[in-house]
Amino acid sequence: MNKLAKANPNLVICPTNYFSNADREAYITPYVYQARCVASTGLGYGSYVPNPSYGFIAYSDEDTYTICKSIIANLILLYNQDENLGLGSCKIGGGDFILEKEYDKEPHTLENTLKRMHLIAARELISLNLNTYISFLKNEFNKVTYYNKLSERDPSILINHKNRFPMPREAIEDGIQLGLKLRK
């Protein structure tokens with residue numbers, strides 16, 4: 001995570017401390033005040049909002065497109081072409097990406113979405129060339145990949161773990177193009 005944060009300090013929230021024992025790992029990161037965790041349910045995408053009481057708020061179709069496009073673009077942006085490493089084991093449907101609270105008060109443009117979005121979890125880096133990584137993004141993000149137990153997980157799914165709702169195909173394709181543009 002530190003390497004990702006160093007290369008992308010505006011996108012990746014860098015941990016300040018790390019703890020582990022035989023069973024668990026924990027990272028301590030700076031707090032993003034009342035951040036909105038991007039998530040999915042069986043009905044679609046939305047955010048978990050902490051105030052006035054914690055709850056899930058569904059996105060409009062337009063916001064879903066913009067946020068999904070931004071997530072895919074950011075995954076492409078985070079790809080390390082020097083080492084052929086991409087982010088894997090993402091829980092896009094479970095809060096790996098957040099939006100700052102201020103996002104709620106702004107027009108939900110692509111520019112504002114990219115500015116206010118942050119990655120807060122990176123479980124694994126996978127070794128694939130960029131074209132193969134893009135193929136996996138296209139294949140995995142247009143389907144439900146949710147599982148209850150690790151034994152139920154499809155081992156062919158490398159990137160999009162535990163997502164309850166498919167992303168719109170157009171958002172995936174447009175996100176790939178945007179991510180490639182942002183890399184230049």
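The shown structure was predicted, so the numbers you read here are calculated from the model rather than taken from an experiment. Reckoned from all heavy atoms, side chains included, excluding hydrogens, waters and symmetry mates.
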> Going through the checks in order, is the side-chain contact (heavy atoms from CB on, under 4.5 Å) test met by Leu130 and Leu180?
Replying inline: CA-CA 10 Å; Leu130 182 57; Leu180 291 171; 4.0 Å; yes
>> For Lys6, give me all partners under side-chain contact (heavy atoms from CB on, under 4.5 Å), at least two apart in sequence or on another chain.
In response: none
>> Using every non-hydrogen atom in the two residues, find where Pro50 and Ala35 come nearest and quote the distance to one decimal.
In response: CD-O, 3.7 Å
> Can you check whether Leu137's main-chain N or O pairs, donor with acceptor, with Glu140's side chain at less than 3.5 Å?
Replying inline: no
> Do we get Lys101 above Tyr33's six-membered ring, with its NZ or CZ under 6.0 Å from the centre and within 45° of the axis?
Replying inline: no
Please list, one pair per line, the donor and acceptor atoms closer than 3.5 Å that link side chains of residues 83-99 to other protein atoms, with sequence neighbours excluded.
residue	atom	partner	partner atom	Å
Glu83	OE1	Lys3	NZ	3.2
Glu83	OE2	Lys3	NZ	2.3
Glu83	OE2	Asn80	ND2	3.3
Asn84	OD1	Tyr79	OH	3.1
Ser89	OG	Glu124	OE1	2.4
Asp96	OD1	Arg123	NH1	3.2
Asp96	OD1	Arg123	NH2	2.9
Asp96	OD2	Lys91	N	2.7
Asp96	OD2	Arg123	NH1	2.7

>> Is there a side-chain contact (heavy atoms from CB on, under 4.5 Å) between Thr145 and Asp154? Walk through the geometry before answering.
In response: CA-CA 8 Å; Thr145 60; Asp154 179 348; over 6 Å; no
>> Would a single hydrophobic cluster contain both Leu182 and Leu75, if residues Ile, Leu, Val, Met, Phe, Trp and Tyr are joined by side-chain heavy-atom contacts under 4.5 Å?
In response: yes
>> Using every non-hydrogen atom in the two residues, find where Pro15 and Thr29 come nearest and quote the distance to one decimal.
In response: CA-CG2, 3.6 Å
>> Using modelled atom types and a 3.5 Å cut-off, is there a donor and acceptor pairing between side-chain atoms of Ser47 and backbone atoms of Val49?
In response: no
> Do the side chain of Asn21 and the main chain of Arg24 share a donor and acceptor less than 3.5 angstrom apart?
Replying inline: yes
> Are Phe141 and Leu78 connected in a single hydrophobic cluster, I mean Ile/Leu/Val/Met/Phe/Trp/Tyr linked by side-chain heavy atoms less than 4.5 Å apart?
Replying inline: yes
>> Strictly distance-based, threshold 3.5 Å: is any side-chain N or O of Asn51 a donor or acceptor partner for the main-chain N or O of Ser53?
In response: no
>> Distance check, rounded to the nearest 0.5 Å: Leu158 atom CG versus Ile126 atom CD1?
In response: 5.0 Å
> Residues in salt bridge (Lys or Arg N to Asp or Glu O under 4.0 Å) with Asp104, at least two apart?
Replying inline: Arg36
> Backbone N or O of Ile76 within a donor-acceptor pair of the Arg183 side chain at under 3.5 Å?
Replying inline: yes
Cut-off 3.5 Å, no hydrogens considered: what does the side-chain donor-acceptor table look like for residues 109-120, sequence neighbours left out?
residue	atom	partner	partner atom	Å
Thr109	OG1	Asn112	N	3.1
Thr109	OG1	Asn112	ND2	3.3
Asn112	ND2	Pro107	O	2.8
Thr113	OG1	Tyr103	OH	3.0
Thr113	OG1	Thr109	O	2.7
Arg116	NE	Glu106	OE1	3.3
Arg116	NE	Glu106	OE2	3.0
Arg116	NH1	Glu100	OE1	2.6
Arg116	NH2	Glu106	OE2	2.6
His118	ND1	Asn10	O	3.0
His118	NE2	Glu100	OE2	2.6

> Are Val12 and Ile159 linked, directly or through other ILVMFWY residues, by side chains that come within less than 4.5 angstrom of each other?
Replying inline: yes
>> Determine whether Ile28 and Phe19 satisfy the following criterion, side-chain contact (heavy atoms from CB on, under 4.5 Å), listing intermediate values before the conclusion.
In response: CA-CA 8 Å; Ile28 296 178; Phe19 304 94; 3.2 Å; yes
>> The criterion is ring pair (Phe, Tyr, Trp, His ring centres under 6.0 Å); which residues satisfy it with Tyr48, sequence neighbours excluded?
In response: Tyr54, Phe56
> What do you reckon, are the aromatic ring centroids of Tyr27 and Tyr18 less than 6.0 Å apart?
Replying inline: yes
> Is it true that the side chains of Thr132 and Asn129 contain a donor and an acceptor less than 3.5 Å apart?
Replying inline: yes
> If you measure from NZ on Lys162 to CZ on Arg153, what distance do you get to the nearest 0.5 Å?
Replying inline: 11.0 Å
>> Would you compute the distance between atom NZ of Lys143 and atom CG of Asn163 and round it to the nearest 0.5 angstrom?
In response: 12.0 Å
> Honestly curious: do Ile157 and Leu125 fall in one hydrophobic cluster under the side-chain, below-4.5 Å linking rule?
Replying inline: no
> When you measure from the side chain of Asp63 to the backbone N and O of Tyr59, does any donor-acceptor pair fall under 3.5 Å?
Replying inline: no
> Atom CD1 of Ile72 and atom CG of Leu77: how far apart are they, to the nearest 0.5 Å?
Replying inline: 13.0 Å
>> Could you see if Ile13 belongs to whatever hydrophobic cluster contains Ile67? Use Ile, Leu, Val, Met, Phe, Trp, Tyr and a side-chain cutoff under 4.5 Å.
In response: no
>> Tell me if a side-chain donor or acceptor on Glu152 pairs with a main-chain N or O of Asn148 at a distance below 3.5 Å.
In response: yes
>> Between Ser135 and Asn131 (side chain of the first, backbone of the second, donor and acceptor by atom type, cut-off under 3.5 Å), is there such a pair?
In response: yes
> Distance from Ile176 atom CD1 to Lys69 atom NZ, nearest 0.5 Å?
Replying inline: 12.0 Å
> Are the side chain of Ser40 and the backbone of Tyr45 linked by a donor-acceptor contact shorter than 3.5 Å?
Replying inline: no
> When rounded to the nearest 0.5 angstrom, what is the spacing between CE in Met167 and OG1 in Thr64?
Replying inline: 9.5 Å
>> List the residues meeting ring pair (Phe, Tyr, Trp, His ring centres under 6.0 Å) with Phe165, not counting sequence neighbours, and say none if there are none.
In response: none
